[in-house]
Amino acid sequence: MERLKLHSPDLTQANIARIRELFPDCVTEAVDDRGRVRLTVDFDQLRQELSDNTVEGPQERYRLDWPGRRGALVAANAPIAKTLRPARPESVNFDTTRNLFIEGDNLEALKLLQENYLGKVKLIYIDPPYNTGNDFVYDDDFEIDIDSYLVKSTQADINLDRLVANPESNGRFHSDWLSMMYSRLRLARSLLHETGFIFISIDVLELSNLIAVGKEIFGHECCVGVISRATGTRMGSGSRGIARELDYVVVFSKSSESNLLGLPMSSEEMSLYDQEDEKGRYLTRSLRRTGGENRREDRPTMFYAVQDPEGNDVYPIAPEGYESRWVCSRETYKSLVREGLIEWKNMTRGGVSKWQVYQKHYLKSGRKEVSDLWNDGAGNKKATKELSGLFDQVKVFDHPKPVDLIKRIIQIGTNANAPDIVLDFFAGSGTTGAAVMEQNAQDGGNRQFILVQFPEETGEGTEAQKFGFSNIAEITKERLRRSGQKIVDLVGHPNWDGDIGFRVLKISTSNMQDVYYRPDEVDQKGLLDAVDNIKPDRSGEDLLFQVLVDWGVDLTLPIRRESVRGKTVFFVDTDALAACFDTGVTEDLVKELAGREPLRVVFRDNGFVSDAVKINVEQVFRQLSPGTDVKSI
């Protein structure tokens, strides 16, 4: 019976496999430091394959570079042998909710989610540290090789020194920040749906670096734009005479062909579409350019004659008498005519009739294009007021983002009629989760959220600690509870399913003893551990979630616990997975589970009443349920 690997994917080996498919002669075998044969890339040969002339030595090329870049790539690709352990008491509606809150290091969380949510996340919003010198960055370990990384992650617990200050006195002030973002954005991209988008809040200090590293990871053609947002506050005392009252949201898409949905129109905006034909409602705009840069000399190629319905030439002449210009080129005008998007109107002024030309704009989806200047939304002061209002007017968190800001992003980046997943792996106070619930209640959507937050300590003497919070993750969870209750008390959309819950999962060391991952290194002292390779403090539900992570099963599917032949069996989403981690499993139990024909089934490796039963498991399923995938841990 095949055993589950129980660690996140080794992305380096996966990348090598892809290269091997394209360039078989560029991948060879080599012996690593531990004497094992592994696939490796012949980079000289690969460079030659990708060049149309002879390659001799390193060549200059266009790319962003910084100290620690290669280490960040290793950190992104290295597998970890960690798991997600459920925390029912801290959850809300654990058995029915489709939302997740993951407590732990977000780099590790992104790795653990690779199998379950690869290409499934429609929208990512993150508000990472701005690198002002007063915030923290993740202290990623780049100094060890991939194998050591895997072994270390098997037993090492969460280190609360994981976040470190990054003051300007640090010689790698920008480099450390870039390394932190690079590894996480690489993993985040693989989670995005092909039509997905990522929105990243940042201020001017790292704006250019974020754009550069984002273009490298997502592609230059996938940089959708940069939104300038009025914060409503002055941040700091300014920089040599310029006070900062803006921050920015950088937007990237997974595909260069993806388009944002646009913002819903108000009833007043909808009323502007006051004309209608067989194609639907529309409004008209003058084909002549008005406003700035509307003269012939501004765009000479857009000054040309068009023919009115009587066959007369009409030029773009302004009411003041000067030569103006059209809004489009001659070729675009011809295209508009062919598509029926040009309308002529005979206007009478001062007793004189004159033909005027207009372009027709149809009402397509009740949505309008988004501007890159957001100065009409809630500012940071309102965000602070929103959050403190949930906590008896106590300021438990600094610099939260406004709920309305995230709701606007959700409106243009997700579809209310689809179960789109929204991910935020710098969750902070939990604004993104609150915004998802509120937007669903407003438009009847069934979006789901996944939030990730590290349990960063609140610090001695802070308002948060006085309120009873020892770390930021506790604030996030309580904010979600209070926001959910506030939302459910309001009258929601009739189609809203009322999901204000979240399933709490905590990143932890593997449920398996070290011997599970390194059986070749078992000595006489470790033979007793080999008898039972599961840690004694782990429950059946702990083991179940490690299996869900490893098998790539949706982590929010409903779970049913049932007693079968005196043993506890977990059924996930009715028959998607059956799991029994008890000992003393008999052949009768195996046959009964096979009779239910689950898609997958997993047992404890040493859980069978005898070796004969263990040997016969696959044969029993082959006869009674040949479509079932059988594994053990």
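Proximity of a side-chain donor or acceptor of E269 to a complementary backbone N or O of M265 within less than 3.5 Å is not detected. In this structure, the side chain of S271 engages the main chain of E268 through a donor-acceptor pair within 3.5 Å. No donor-acceptor pair closer than 3.5 Å links the side chain of R85 to the backbone N or O of S508. Not a single donor-acceptor pair under 3.5 Å links the side chain of R281 to the backbone N or O of L363. Using a distance-only test at 3.5 Å, with no hydrogens or angles considered, no donor-acceptor pair links the side chain of N99 to the main chain of Q448. For D392 (side chain) and V394 (main-chain N/O), no donor-acceptor pair under 3.5 Å exists by modelled atom type. Looking at K254, its side chain does come within 3.5 Å of a backbone N or O of R189 through a donor-acceptor pair. Remark: the backbone N or O of T462 is not paired with any side-chain donor or acceptor of Q465 at under 3.5 angstrom.
Heavy atoms from other residues, nucleotides or ligands lying under 6.0 Å from CZ of R285 number 12 at most. Heavy-atom contacts from other residues, nucleotides or ligands closer than 6.0 Å to NZ of K486 number 12 or fewer.
When all heavy atoms of L263 and I412 are compared, the pair lying nearest together is CD2-CG2, 3.5 Å. A pairwise comparison of heavy atoms in N106 and R184 identifies OD1-NE, 2.6 Å as the closest pair. Shown here for L548 and V572, the closest heavy-atom pair between the two residues is CD2-CG2, 4.1 Å. Residues F454 and D105 come closest through the heavy atom pair CD1-N, 3.6 Å. The shortest non-hydrogen separation linking T458 to F469 is OG1-O, 2.9 Å. Closest of all the heavy-atom pairs between I507 and A109 is CD1-N, 3.6 Å.
Counting heavy atoms from C-beta on, the side chains of L246 and Y248 come closer than 4.5 Å. With a 4.5 Å cut-off on side-chain heavy atoms, W177 and V213 do not count as touching. Considering only heavy atoms from C-beta on, E478 stays 4.5 Å or farther from V396 through its side chain. In this structure, L187 and K111 have side chains that are in contact, with non-hydrogen atoms separated by less than 4.5 Å. Within the 4.5 Å cutoff, the side chain of V547 has no heavy atoms near those of the N511 side chain. In this structure, Y117 and D554 have side chains that are in contact, with non-hydrogen atoms separated by less than 4.5 Å. Within the 4.5 Å cutoff, the side chain of K381 has heavy atoms near those of the T233 side chain. R229 is listed as a side-chain neighbour of P402, based on a closest heavy-atom distance under 4.5 Å.
Checked by atom type, the side-chain pair D176/S179 shows no donor-acceptor distance below 3.5 Å. Side-chain polar atoms of Y282 and D274 form no donor-acceptor pair below 3.5 angstrom. No donor-acceptor contact under 3.5 angstrom links the side chains of Q546 and D550, judged on distance only. With no hydrogens or angles considered, no side-chain donor-acceptor pair links S91 and R503 at under 3.5 Å.
Partner D499 forms a side-chain hydrogen bond (donor to acceptor under 3.5 Å, both in side chains) with one of N446, N440, T97, N93 and no other, that one being T97. Checked against L451 for a side-chain contact (heavy atoms from CB on, under 4.5 Å), the options L480, I102, L100 give a single hit: L480.
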- Task: Mind running salt bridge (Lys or Arg N to Asp or Glu O under 4.0 Å) on E216 and R69 for me, showing each step along the way?
- Result: CA-CA 12 Å; E216 180 163 322; R69 173 194 165 94; 2.4 Å; yes
- Item | side chain to side chain contact (heavy atoms under 4.5 Å, CB included) between E90 and K506, intermediate numbers included | CA-CA 11 Å; E90 300 174 37; K506 297 189 178 185; 2.8 Å; yes
- Task: Dump the intermediate steps for side chain to side chain contact (heavy atoms under 4.5 Å, CB included) on I198 and F218, then the final yes or no.
- Result: CA-CA 10 Å; I198 182 170; F218 293 92; 3.6 Å; yes
- Message: Show, in sequence, the C-alpha distance, side-chain angles and deciding distance for I202 and I211, and conclude whether the side chain to side chain contact (heavy atoms under 4.5 Å, CB included) test is met.
- Response: CA-CA 10 Å; I202 200 67; I211 294 171; over 6 Å; no
- Query: Does the side chain to side chain contact (heavy atoms under 4.5 Å, CB included) test come out yes or no for K279 and K360, once each step is laid out?
  - Reply: CA-CA 11 Å; K279 293 181 181 179; K360 298 167 73 172; over 6 Å; no
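Between D65 atom CG and S175 atom OG the span is 9.5 Å, to the nearest 0.5 Å. Once rounded to the nearest 0.5 Å, the distance linking CZ of R408 with CH2 of W374 reads 5.5 Å. The distance from the CD atom of E108 to the CG atom of L84 is 10.0 Å, given to the nearest 0.5 Å. Distance NZ/K385 to CG/N380: 14.5 Å, rounded to 0.5 Å. Here CG of L261 is found 12.5 Å from CD1 of I410. Values are rounded to the nearest 0.5 Å. The line from CZ of F197 to CG of L260 is 4.0 Å long, rounded to the nearest 0.5 Å.
Under a 4.0 Å N-O distance rule, the pair R447/D420 does not qualify as a salt bridge.
Ring planes of F502 and F449: tilted class, angle from 30 to 60°.
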What donor-acceptor contacts under 3.5 angstrom involve side-chain atoms of residues 425-432, with partners at least two apart or in another chain?
residue : atom : partner : partner atom : Å
S429    : OG   : T431    : OG1          : 3.3
S429    : OG   : R479    : NH1          : 3.1
T431    : OG1  : K401    : O            : 3.3
T431    : OG1  : R479    : NH1          : 3.2
T432    : OG1  : D424    : OD2          : 2.7

